[in-house]
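Below is one structure, written out as structure tokens; the observations come after it.
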Amino acid sequence: MYTHGTRQQRKADMSPKVVLITGTSSGIGLAAAVAAANAGYRVVATLRDTSRAGALRESGGDLDVRQLDVTDPASVAACIDGVMADYGRLDAVVNNAGAGHLGTIENESVDEVRRVMEVNFFGVVQVTKAAMPHLRASGGRLITVSSVGGVVGQPFNEAYCAAKFAVEGFMESLAPVAARVGVAVTLIEPGAVASEFVANLQVDPAEVIANAGPYAEVLQAYVARTRSSFGTGAQTPAQAAEPIVAALTAEHPALRVQTSEWATAFTGTKLADQDGGKVLGLTATWIA
């Protein structure tokens, strides 16, 4: 005869796995939320401003849309506490929320750089800290959308790449520790994703160029080149989201996953250990 506690555990084991995804109003986050729901996950699709949830609600996916501002500790805690109260489990988190940035340090304030770090790095740290006890309990997955810019520094992306470099270092360092308590850590590294470049910058590139002073000519060249790569050679958000769902379902997900052959080749100019296995194999022995 099963005890009440055992029956409750069996019920939990039979219920759909719950994944929380941040930054789902558009792009990769939206595509990942829909794809994960189609793969059978109960998806908690979060975004800072729920008035921008139109695409989520019209996607046709069975999504639980909730407010979460990754830069607000109270918002993060309230959202994750709510998920646990409603579902009793959290099997995976996808840290996707972030914002692009365009500029160079002589022309911007240190406070602007701090804001970029706050959204793209400390937001990831905040959500990870709140989620880890629950992921540890479920033997779950911690997936973070980084960027090829987290591996290779790029012109006029100093603050953005610094934040993504920080994300990569944080997760690569956390991975062997998390693995010891049953949580698999994965970094997703997209290259160009169609339609997101200008929208995700949260600035007007023409205005930035006009105010760039001695950097105007080279900044204009960079923006022209980048617009072209995002417009013609880019992945769709759905294509970039496929490795996220694969990392949710893989028996042994890699630490580092590029979302396209181009991204693999580009990061390969710097990384000899492209999937992170050699680094993880080395550092894991330090705590065995």
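What you see is a predicted model; the values in this text were computed from it and never measured. Numbers here simply count residues along the sequence, with the first being 1.
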When you look at Arg48 and Asp72, which way does the salt bridge (Lys or Arg N to Asp or Glu O under 4.0 Å) test go after all the steps?
-> CA-CA 10 Å; Arg48 181 180 60 83; Asp72 181 353; over 6 Å; no

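A donor-acceptor pair under 3.5 Å is formed between the side chain of Lys270 and the backbone N or O of Val151. Looking at Asn120, its side chain never comes within 3.5 Å of a backbone N or O of Ala163 through a donor-acceptor pair. The main-chain N or O of Ala250 is found under 3.5 Å from a side-chain atom of Arg141 such that the two form a donor-acceptor pair. Side chain of Gln154 to main chain of Cys161: no donor-acceptor pair is present (N/O by atom type, distance under 3.5 Å, no hydrogens or angles). A donor-acceptor pair under 3.5 Å is absent between the side-chain atoms of Asp81 and the main chain of Cys79, judged by distance alone. The closest donor-acceptor contact from the side chain of Glu112 to the backbone of Ser109 lies under 3.5 Å.
Checked against Thr22 for a side-chain contact (heavy atoms from CB on, under 4.5 Å), the options Leu47, Val94, Val70, Thr144 give a single hit: Val70. When each of Val257, Leu187, Leu248 is checked for a side-chain contact (heavy atoms from CB on, under 4.5 Å) with Ile143, only Leu248 meets the rule. The only member of Val43, Thr46, Leu68 that meets side-chain contact (heavy atoms from CB on, under 4.5 Å) when paired with Ile21 is Val43.
The two residues Pro16 and Gly40 come nearest to each other via the heavy atoms CB-O, 3.7 Å. Nearest heavy-atom pair across Glu189 and Ser146 is CG-CB, 4.4 Å. When all heavy atoms of Ala33 and Leu63 are compared, the pair lying nearest together is O-CD2, 3.5 Å. A pairwise comparison of heavy atoms in Asn107 and Ala212 identifies ND2-O, 3.1 Å as the closest pair. Heavy atoms only, all atoms of each residue included: Pro190 and Thr259 are closest at CA-OG1, 3.2 Å.
Residue-environment remark: NZ (Lys278) stays at or below the threshold of 12 foreign heavy atoms within 6.0 Å.
Hydrophobic clustering of Ile, Leu, Val, Met, Phe, Trp and Tyr side chains at less than 4.5 Å, counting indirect connections, keeps Val148 apart from Val145. In terms of hydrophobic clustering, with Ile, Leu, Val, Met, Phe, Trp and Tyr side chains grouped at heavy-atom distances under 4.5 Å, Val152 and Val116 are assigned to different clusters.
Separation of atoms CE (Met84) and CG (Leu90) is listed at 6.5 Å; rounding is to 0.5 Å. One distance of note links CZ of Phe156 with CD1 of Ile105; it measures 13.0 Å at 0.5 Å rounding.
Residues Glu108 and His101 bring a donor and an acceptor atom of their side chains to less than 3.5 Å of each other.
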